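What follows is one structure encoded as structure tokens, with my remarks underneath.
None of these values were measured; they are calculated from a predicted model. Counting starts at 1 for both ligands and their atoms, in listed order.
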Amino acid sequence: MASPQGSRAPLEFGGPLGAAALMLLLPATMFHLLLVAHSGPARLLGPPPYLPGPEVLWSPQTLLLWLAWLGLQAALYLLPARKVAEGQELKDKSRLRYPINGNPIYDFFLGRELNPRIWSFDFKYFCELRPGLIGWVLINLALLMQEAELRGSPSLAMWLVNGFQLLYVGDALWYEEAVLTTMDITHDGFGFMLAFGDLAWVPFTYSLQAQFLLHHPQPLGLPMASVICLINAVGYYIFRGANSQKNTFRKNPSDPRVAGLETIPTATGRQLLVSGWWGMVRHPNYLGDLIMALAWSLPCGVSHLLPYFYVLYFTALLVHREARDEQQCLRKYGLAWREYCRRVPYRILPYVY
Ligand SMILES: NC(=O)C1=CN([C@@H]2O[C@H](COP(=O)(O)OP(=O)(O)OC[C@H]3O[C@@H](n4cnc5c(N)ncnc54)[C@H](OP(=O)(O)O)[C@@H]3O)[C@@H](O)[C@H]2O)C=CC1
Ligand SMILES: CC(C)CCC[C@@H](C)[C@H]1CC=C2C3=C(CC[C@@]21C)[C@@]1(C)CC[C@H](O)C[C@@H]1CC3
């Protein structure tokens, strides 16, 4: 098994201090969001209305249910009826390096092992998609059913949030293979960030809009709902168009759907797209994802900031992720990447950023 970073790799996420702060802040933020979403004032920035005692936080039934959920997902993951896809070539073809005095906090956060596996069971790849993303959809559905029980039928806002996020998760599962080329799989280890992120952060904070709607019903008329659907459709069109264009091009550059696009050759033999979606900004897929994030919050109205937490968090995550990807691409492609940045100066939002 390989280590994701050599001994001289630059530290990311603010190094050990940043990693330690994130490991305290992330679980605290997740609990805070859930507590305030259930409270009357639902203030994103206010103190939580109450602090639950240990009897609320610990229940053997919940632990059993969670283990059963993970076990079910693991059993499905191990089913032999599946396609086997090849991952990206790893960077660690060279000799392993063993840093002395490694940094335990930083390493615990980012993970030392790039591909922890027992036989063919790949822990990181398994966690990235299945338990958390499908768990998110199930939590949303449970909240929709609870709303129906409470108020006779689910609200239009709840339908929209459920529908949009189901589309997003369905898309991720349909294009499952594309996850193999993300930096989470090729670059980051499997540490606190991805284990907590995949298994806790995604299902519990990505379902925040539905949690909020259950406790704070919002009136939503058909005209506004149609505008929100249109925003989600535009976001999805950009997100899917950009991701598919890059994936098609990476698999087969002479595919007729991408063969006419302009490219920049690089020293590695790979080419960079410089027209089509990837000629508009350097991360068109992030732009589409952010537009969808906005459409998921709008059904919750504008009376509270809390449902917009996802938009704020996701903007920060993607800006940081874009900067990390930029560094990695500069290392991979050198001058060709600089030329790409010159030809396509904006990162995510045309003429703004
Ligand atoms: N909901 C969520 O919480 C999150 C969602 N996402 C979504 O996941 C998806 C994947 O994101 P992510 O892995 O960050 O990044 P990308 O899918 O954008 O992949 C970046 C890589 O694409 C290649 N690339 C960059 N520019 C070009 C170009 N011009 N032509 C050809 N190839 C290029 C480079 O790799 P190479 O050259 O090696 O192919 C680069 O490292 C996105 O849609 C994102 O929005 C991401 C994070 C969190
Ligand atoms: C808890 C931390 C602040 C950050 C944790 C980050 C993780 C939650 C995300 C890192 C990259 C992710 C990706 C996805 C989900 C969220 C995490 C795991 C997708 C699977 C979402 C669906 C997309 O179609 C693909 C994404 C790949 C990256």
Side-chain angles (χ1 to χ4, degrees), residues 13 19 22-23 25-27 29-30 88-89 91 109-110 124-125 127-130 132-133 136 165 167-176 178-188 191-206 235-236 238-251 253 258 261-264 266 268-293 296 310 313-314 316-318 320-333 336-337 339-341 343-344 347-348:
F13 293 94
L22 281 170
M23 282 190 284
L25 270 177
L26 287 171
T29 305
M30 189 182 82
Q88 287 239 314
E89 194 175 271
K91 285 180 291 174
F109 179 72
L110 217 58
K124 190 169 60 169
Y125 175 57
C127 289
E128 179 92 358
L129 280 177
R130 294 157 197 252
L133 282 190
W136 166 24
Q165 298 185 346
L167 170 72
Y168 189 72
V169 171
D171 176 276
L173 297 174
W174 185 260
Y175 294 100
E176 184 177 12
V179 166
L180 296 179
T181 56
T182 60
M183 70 172 75
D184 314 82
I185 300 292
T186 60
H187 176 81
D188 297 337
F192 177 92
M193 181 179 80
L194 285 181
F196 174 79
D198 293 337
L199 298 177
W201 185 260
V202 166
F204 294 109
T205 61
Y206 285 29
Y236 183 72
I238 300 176
F239 167 85
R240 180 61 13 239
N243 279 328
S244 292
Q245 195 168 69
K246 174 161 71 71
N247 293 343
T248 308
F249 180 73
R250 280 283 173 251
K251 269 192 192 157
V258 290
L261 294 174
E262 234 186 300
T263 58
I264 299 179
T266 75
T268 66
R270 286 187 151 200
Q271 296 190 314
L272 292 168
L273 286 169
V274 74
S275 67
W277 287 114
W278 297 82
M280 190 173 84
V281 282
R282 300 206 291 273
H283 264 100
N285 47 354
Y286 289 2
L287 176 63
D289 221 335
L290 282 169
I291 295 174
M292 281 191 284
W296 301 351
Y310 181 73
Y313 140 80
F314 200 42
L317 180 131
L318 290 183
H320 179 235
R321 199 173 165 93
E322 195 277 334
R324 293 180 73 211
D325 189 52
E326 192 94 345
Q327 286 308 313
Q328 290 166 23
C329 285
L330 194 57
R331 275 200 291 273
K332 266 189 287 189
Y333 300 126
W337 186 259
E339 170 64 7
Y340 178 49
C341 295
R343 303 254 312 253
V344 184
R347 296 161 192 261
I348 299 178

Can you tell which part of Cys329 has a heavy atom less than 4.0 Å from ligand 1: side chain, backbone, both or neither?
-> side chain
For atom 20 (C) of ligand 2, grab the closest protein heavy atom and report residue, atom and distance to one decimal in Å.
-> Leu129 CD2, 3.9 Å
Identity and distance of the protein heavy atom lying nearest atom 11 (C) of ligand 2 | Asp184 OD2, 3.1 Å
Asn243, portion touching ligand 1 at heavy-atom distance under 4.0 Å = side chain
Side chain, backbone, both or neither: which part of Asp289 comes within less than 4.0 Å of ligand 1 when only heavy atoms are counted?
-> side chain
Can you name the residues that form a salt bridge (charged side-chain N to carboxylate O under 4.0 Å, His left out) with Asp325, not counting sequence neighbours?
-> none
Counting from 1 in the order shown, the ligand 2 atoms closer than 4.0 Å to a non-hydrogen atom of Asp198 are 18 (C)
Which value, rounded to the nearest 0.5 Å, describes the distance between Ile348 atom CD1 and Glu322 atom CD?
-> 5.5 Å
Close approach, Glu322 and ligand 1, non-hydrogen under 4.0 angstrom = no
In ligand 1, which numbered atoms sit nearer than 4.0 Å to a non-hydrogen atom of Phe239?
-> 43 (O)
Looking at CG of Asp171 and OH of Tyr236, how far apart are the two atoms once the value is rounded to the nearest 0.5 Å?
-> 3.5 Å
Side chain, backbone, both or neither: Thr182 near ligand 1, heavy atoms under 4.0 Å | both
What do you reckon, does Gln328 put a non-hydrogen atom under 4.0 Å from ligand 1?
-> no
Taking atom 26 (N) of ligand 1 as the point of reference, which of Tyr286, Trp278, Phe314, Tyr333 owns the nearest heavy atom?
-> Trp278
Atom CZ of Arg282 and atom CG of Leu287: how far apart are they, to the nearest 0.5 Å?
-> 14.0 Å
Before signing off on this row, confirm whether Arg282 and ligand 1 have an N or O atom pair separated by under 3.5 Å.
-> no
Residue, atom name and distance, where the atom is the protein heavy atom closest to atom 23 (C) of ligand 2 | Tyr168 OH, 3.9 Å
In terms of atom number and element, which parts of ligand 1 are under 4.0 angstrom from non-hydrogen atoms of Tyr310?
-> 1 (N)
Heavy atom of the protein closest to atom 3 (C) of ligand 2 (residue, atom name, distance) | Leu26 CD2, 3.6 Å
Starting from atom 4 (C) of ligand 2, which protein heavy atom do you reach first, and at what distance in Å?
-> Leu317 CD1, 4.0 Å
With a cut-off of under 6.0 Å to the ring centre and 45° to the axis, is Arg240 in cation-pi contact with Tyr175?
-> yes
For Tyr206, the atoms of ligand 1 under 4.0 Å from one of its heavy atoms are 1 (N), 2 (C), 3 (O)
Out of His283, Met292, Arg250, Arg324, the nearest non-hydrogen contact to atom 39 (O) of ligand 1 is supplied by Arg250
Between Leu317 and ligand 1, find which residue part has any heavy-atom pair under 4.0 Å and reply side chain, backbone, both or neither.
-> side chain
Looking only at protein heavy atoms, identify the closest one to atom 8 (C) of ligand 2 and say how far it is in Å.
-> Val202 CG2, 3.6 Å
Centroid-centroid under 6.0 Å between Trp296 and Phe314 rings = no
Quick one: does ligand 1 sit under 4.0 Å from the side chain of Arg321, the backbone, both or neither, non-hydrogen atoms only?
-> side chain
Verdict with reasoning, Leu194 to Cys127, per side-chain contact (heavy atoms from CB on, under 4.5 Å) = CA-CA 8 Å; Leu194 285 181; Cys127 289; over 6 Å; no
Can you find a non-hydrogen atom of Asp325 under 4.0 Å from ligand 1?
-> yes
Note: Phe192, heavy atoms under 4.0 Å from ligand 2, region reported as neither
What about Tyr168 and Phe239, are their ring centers closer than 6.0 Å?
-> yes
To which protein heavy atom is atom 28 (C) of ligand 2 closest, and what is the distance rounded to 0.1 Å?
-> Glu128 OE2, 3.5 Å
Out of curiosity, Thr266 OG1 to Lys332 NZ, how far, rounded to the nearest 0.5 Å?
-> 9.5 Å
Flag side-chain contact, heavy atom, 4.5 Å: His283 against Arg321 = no
Protein heavy atom at shortest distance from atom 24 (O) of ligand 2 | Ala172 CB, 3.6 Å
